[in-house]
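Encoded as structure tokens, the structure appears first; notes follow it.
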Amino acid sequence: MDYKPTYTKEEVDELLNWFDTHKYERELDLGHGLRISDVSATLTPMRNIALAKHDNRTFSGQIQLLFRIREELIKQGKVTEGE
């Protein structure tokens, strides 16, 4: 998803539901020196931000990062269906 200054509750709910219904590898390299060593631990605080602040421009970067994490997990083949 392209960067947006704010996100709807529906967009955030769909995104977080995707993480809840898929298994993904623990580590993820996002490139440009950005590496996540524990995706699940990273998602926990970001999930709270996305739910509470989806319509606040200040937090749009963090929410966009969640979309990027999902895209990279798919692109790198580090995700499977199911819980």
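Keep in mind it's a predicted model, so treat the numbers as computed, not measured.
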Does this structure show an ion pair linking [X] with [Y], if we count only N-O contacts that are shorter than 4.0 Å?
X: E14; Y: R70; answer: yes
X: E72; Y: K78; answer: no
X: D20; Y: R47; answer: yes
X: R26; Y: D38; answer: yes

key: Joint hydrophobic cluster, F59 plus L16, side-chain heavy atoms closer than 4.5 Å   =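 F59 and L16: separate clusters.
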
L43 reachable from W18 in the ILVMFWY side-chain graph, under 4.5 Å edges =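 Yes, W18 connects to L43 through the hydrophobic network.
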
request  = Scan V79, I74, N17 and name whichever one has a side-chain contact (heavy atoms from CB on, under 4.5 Å) with H22.
outcome  =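 Single pass found, and it is V79.
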
Do the non-hydrogen side-chain atoms of [X] and [Y] ever get within less than 4.5 Å of each other?
X: E27; Y: R35; value: yes
X: I36; Y: D29; value: no
X: E11; Y: T6; value: no
X: L30; Y: L65; value: yes

message = Quick one, L73 with F19, criterion side chain to side chain contact (heavy atoms under 4.5 Å, CB included). Give me CA distance, side-chain angles, the key distance, then yes/no.
response = CA-CA 10 Å; L73 286 168; F19 283 108; 4.0 Å; yes

Contact summary for [X] and [Y], nearest pair of heavy atoms:
X: L66; Y: A50; value: CD1-CB, 3.9 Å
X: S60; Y: P5; value: CB-O, 3.2 Å
X: Y3; Y: G61; value: CE1-N, 4.2 Å
X: E25; Y: V39; value: O-CG2, 3.8 Å

query = Does any N or O in the side chain of H54 come within less than 3.5 Å of the main-chain N or O of Y7, such that one atom is a donor and the other an acceptor?
reply =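 At least one qualifying donor-acceptor pair exists.
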
request  = Would you sort out whether Q76 and L28 count as a side chain to side chain contact (heavy atoms under 4.5 Å, CB included), showing the intermediate values?
outcome  = CA-CA 9 Å; Q76 295 178 27; L28 179 64; 3.5 Å; yes

inquiry  = Once rounded to the nearest 0.5 Å, what's the spacing between atom OG1 of T8 and atom CG of D55?
reply    =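 So the OG1 of T8 and the CG of D55 are separated by 10.0 Å.
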
